[in-house]
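First up is the structure itself, then whatever we jot down about it.
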Protein chains: 4
Amino acid sequence: MGKAERTKQFIIEKTATLFNTKGIAATSLLDMTEATGLTKGSIYGNFKNKDEVALEVFRYNLKKVTGLVSEEMARESTFRGKILCYPRIYTLFDDPRFPVGGCVILNTAVEVDDTHPLMCEEVSKAINSWKNTLVFLINEGIQAGEFSTENNAEDLALQIIATIEGAVMLTKVSGKIAYMQSLMKTVENLINSF
Amino acid sequence: MGKAERTKQFIIEKTATLFNTKGIAATSLLDMTEATGLTKGSIYGNFKNKDEVALEVFRYNLKKVTGLVSEEMARESTFRGKILCYPRIYTLFDDPRFPVGGCVILNTAVEVDDTHPLMCEEVSKAINSWKNTLVFLINEGIQAGEFSTENNAEDLALQIIATIEGAVMLTKVSGKIAYMQSLMKTVENLINSF
Amino acid sequence: MGKAERTKQFIIEKTATLFNTKGIAATSLLDMTEATGLTKGSIYGNFKNKDEVALEVFRYNLKKVTGLVSEEMARESTFRGKILCYPRIYTLFDDPRFPVGGCVILNTAVEVDDTHPLMCEEVSKAINSWKNTLVFLINEGIQAGEFSTENNAEDLALQIIATIEGAVMLTKVSGKIAYMQSLMKTVENLINSF
Amino acid sequence: MGKAERTKQFIIEKTATLFNTKGIAATSLLDMTEATGLTKGSIYGNFKNKDEVALEVFRYNLKKVTGLVSEEMARESTFRGKILCYPRIYTLFDDPRFPVGGCVILNTAVEVDDTHPLMCEEVSKAINSWKNTLVFLINEGIQAGEFSTENNAEDLALQIIATIEGAVMLTKVSGKIAYMQSLMKTVENLINSF
DNA sequence: AATGAATGAGCATTCATTCAT
DNA sequence: GATGAATGAATGCTCATTCAT
């Protein structure tokens, strides 16, 4: 990794929390220089503009979550066990290994859906990938005889994702972790009923 | 309604879409003057500041949804029928009677949770009220013998709300109405299984 | 005094402190409506504009001081006694009978000298009148044999006025009443040496 | 002196007259950009806000006067000669070497005394320093046998300062330079009588 | 005579971005 | 590759003033 690449990475990491808490529009270049200790010129030397940083930060924050999920899944041998990683991990969504500021997908989706088509597409892809992972795991579980053949993988995947995202929103805005616990228990029960 | 009250209402109605699509921070006073045809001075003659407009717009947009729900519920005689109004209405969330820009609670919650404590509290109250309505309807349904006594009203209410909110986010960002339909069908099934 | 005249007087009295502490430019119409409890419309119904209020307030505040001086002088039978009223009164310049905010002439002079020719002229007249009073009293005192014939009335009048005005400024900005006391003692000694 | 420091200095010098004639509140950012030829952004890149410029301008204008005094004093060998510099210099207070707009201390003191505690403190310090200089010179003059031991340095210093400040006010507002000449002659006589 | 509501120019300040060095 | 300095448009907000009622 060359110097340029290292600086880019440095900027991304140092501003990751900023973008995920304040949002893209409300994060100013001044916020970014303060968070990094770098100058505006330096940031513009490494990125085309603020939106490009925001995009890369989104990818970075997203990878942080998907990486966490992958790690946990690797330890599980059954498909049910693998899927159960999601409710387990999101129960601890203010764990230090989680991006500060809540779910990156939710935050970004809500900010950009009516205004930033490009970024919207990026979030859409992330969701699609998440859904595909779940669909794959459910179908594999069916084929492996772990789950009933009557399950509709697509619908179940959407249900898991929607409940998790709704749970994050409810928990963050109310400050009641009990909401997250109740809802993740519900998701868990759903998965155990496959 | 005096002139002042009418102008206030006019400003709220004309900027309601603006705030619910762009968000509070990204909606500028210029946007607001263009949407209303009024001057900045006129807006500040009727509201203390932009945040006050945003707050009243939130309440206005919220009432639009709750009003729609109330109307529909009034036509239903059973508790199950009343609760089923939610998935039915949200399936048509881009109906003209719905605030443009998606779910007000979701949009506002995500923008303000880490930054605007006062507005956050307002959203929190709205969610609590929604949840209380559902808990009440479920418990009444149980007492009326409509639903099994084994239902946990609180958990079910959360599940309905979380799924709806997650569904709105997924549908808006992906543009796939099918997501909303699949998820509202799931909520419907849940309610029918009470 | 008709209703209009009474309202005018009311506005002047209620804003007198405002103008003499904040200055003309820094006193806003909002300040004025808050101080009077009247509306902007009402103020504009009684005065052509803010500057006209400021002018009348200047005259009102000025009269407050000159009135105080006249009262005190009336009690004195000698010319020396009359002139000594000035240092005596200014020693108590934060007396409630004195306009709050310090010397009206000083405050207004410094604000308007480079910018408001009309108001400047008004202040200039006030100073001239003050000086003429002093010159008259000194000359009368000379003619009455109270003071030495070697006194130059004009120069002494200026000296008294300048010292008083300088004293007000020094005392207000430093907060040290001792400055006023020392300087008024000096003026007193000067008058006693006539 | 780096570029930033040079620009700062440039802004201070170009706006010095502005602040000393119109006052702080009445000097707008537009006035400042027109006086400097720079943009608002450039001014804010070099100063935290308008008040910071005003503060530095006050110090600059003050130094202009104290510098002038120091130069003149350096040429005098006696303490009396040194003190006499004050009335001599202020007689020429519209000399080009003098800040345009009159006495910085007077102008600033009157504007800020009731409203800007921080700036008020700054003016207070300037006055204290001026008084201390005079007290020092008088006491040294006494010790050197130049002046009578009966002089009260503190009182005399105050008298000189108050008369000068009062003189500036009277002269500026009336436009009569004769006032300044008469009053500075009085101060001169006072000093010669030490 | 007074009010409530509006105007539009003006305010101080911050923004994302550029570019010579 | 990075910096410091600048830009100019945009920000939220306040101003003195007007005028129909």
Side-chain angles (χ1 to χ4, degrees), chain A residues 2-8 24-33 38-54, chain B residues 2-8 24-33 36-54, chain C residues 2-8 24-33 38-54, chain D residues 2-8 10 24-33 36-53:
Chain A
K3 173 113 195 249
E5 212 48 50
R6 255 181 295 131
T7 308
K8 274 187 97 152
I24 300 169
T27 296
S28 73
L29 260 290
L30 180 62
D31 290 332
M32 295 165 71
T33 57
L38 300 176
T39 61
K40 291 181 186 182
S42 177
I43 290 169
Y44 273 84
N46 288 284
F47 294 90
K48 211 179 68 204
N49 52 33
K50 195 180 86 168
D51 282 349
E52 202 186 84
V53 186
Chain B
K3 179 106 195 263
E5 212 48 51
R6 255 181 294 133
T7 308
K8 273 188 99 152
I24 299 169
T27 296
S28 74
L29 259 290
L30 181 61
D31 291 332
M32 294 165 73
T33 57
T36 55
L38 300 176
T39 60
K40 291 179 187 185
S42 179
I43 291 169
Y44 274 86
N46 289 284
F47 293 91
K48 215 178 64 204
N49 52 35
K50 194 180 86 167
D51 280 352
E52 203 188 81
V53 186
Chain C
K3 173 112 196 251
E5 212 47 51
R6 256 181 294 132
T7 308
K8 274 188 98 152
I24 300 170
T27 296
S28 72
L29 260 289
L30 181 61
D31 291 332
M32 295 165 72
T33 58
L38 300 176
T39 60
K40 291 181 185 181
S42 178
I43 290 168
Y44 272 85
N46 289 283
F47 294 91
K48 211 179 68 201
N49 53 33
K50 194 179 86 168
D51 281 350
E52 202 187 82
V53 186
Chain D
K3 177 107 194 262
E5 212 48 52
R6 255 181 294 132
T7 307
K8 273 187 98 152
F10 177 78
I24 299 170
T27 297
S28 73
L29 259 290
L30 181 61
D31 291 332
M32 294 165 74
T33 57
T36 55
L38 300 176
T39 61
K40 291 179 185 184
S42 178
I43 290 169
Y44 274 86
N46 289 285
F47 293 91
K48 213 178 67 203
N49 52 33
K50 194 180 87 167
D51 281 350
E52 202 186 82
V53 186

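Note that this is a predicted model, so its numbers are computed, not measured. By convention in this document, chain letters (A, B, ...) are assigned in the order of the sequence lines, proteins followed by strands, and residues within each chain are numbered from 1.
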So how far is it from [X] [atom1] to [Y] [atom2], rounded to the nearest 0.5 Å?
{"X": "A:N46", "Y": "A:L38", "atom1": "CG", "atom2": "CG", "value": "8.0 Å"}
{"X": "A:I43", "Y": "A:L29", "atom1": "CD1", "atom2": "CG", "value": "6.0 Å"}
{"X": "D:K40", "Y": "D:M32", "atom1": "NZ", "atom2": "CE", "value": "11.0 Å"}

* To do: Specify the closest pair of heavy atoms between B:Y44 and B:K50, including all atoms of both residues, with the distance to one decimal.
  =>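 That would be OH-N, 4.0 Å.
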* **A:D31 versus A:A26, closest heavy-atom pair with distance** =>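 Shortest heavy-atom separation between A:D31 and A:A26 comes out as OD2-O, 3.6 Å.
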* B:D31 or D:G45, whichever maps to the more 5' nucleotide of DNA chain F ->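 So the residue in question is D:G45.
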Can you tell me how far [atom2] of [N] sits from [atom1] of [X], to the nearest Å?
{"X": "C:F47", "N": "E:dA1", "atom1": "CZ", "atom2": "P", "result": "13 Å"}
{"X": "B:K8", "N": "E:dA6", "atom1": "NZ", "atom2": "P", "result": "12 Å"}
{"X": "B:E5", "N": "E:dG4", "atom1": "CD", "atom2": "C1'", "result": "13 Å"}
{"X": "A:I43", "N": "F:dG1", "atom1": "CD1", "atom2": "P", "result": "16 Å"}
{"X": "A:L38", "N": "E:dA16", "atom1": "CG", "atom2": "P", "result": "16 Å"}
{"X": "B:M32", "N": "F:dC13", "atom1": "CE", "atom2": "C1'", "result": "12 Å"}

Is [X] near enough to [N] that one of its side-chain N or O atoms lies under 4.0 angstrom from OP1 or OP2?
{"X": "C:N46", "N": "E:dA2", "answer": "yes"}
{"X": "C:S42", "N": "E:dA1", "answer": "no"}
{"X": "A:T7", "N": "F:dG1", "answer": "no"}

* Go along nucleotides 16-21 of chain F 5' to 3' and tag each nucleotide: B for a protein heavy atom under 4.0 Å from its base, S when only backbone or sugar atoms are that close, - otherwise. => BBB---
* Structure fact -> Dot-bracket for DNA chain E, 5' to 3', Watson-Crick and G-U pairs with both distances under 3.5 Å, [ ] for crossing pairs, | for partner on another strand, reads .||||||||||||||||||||
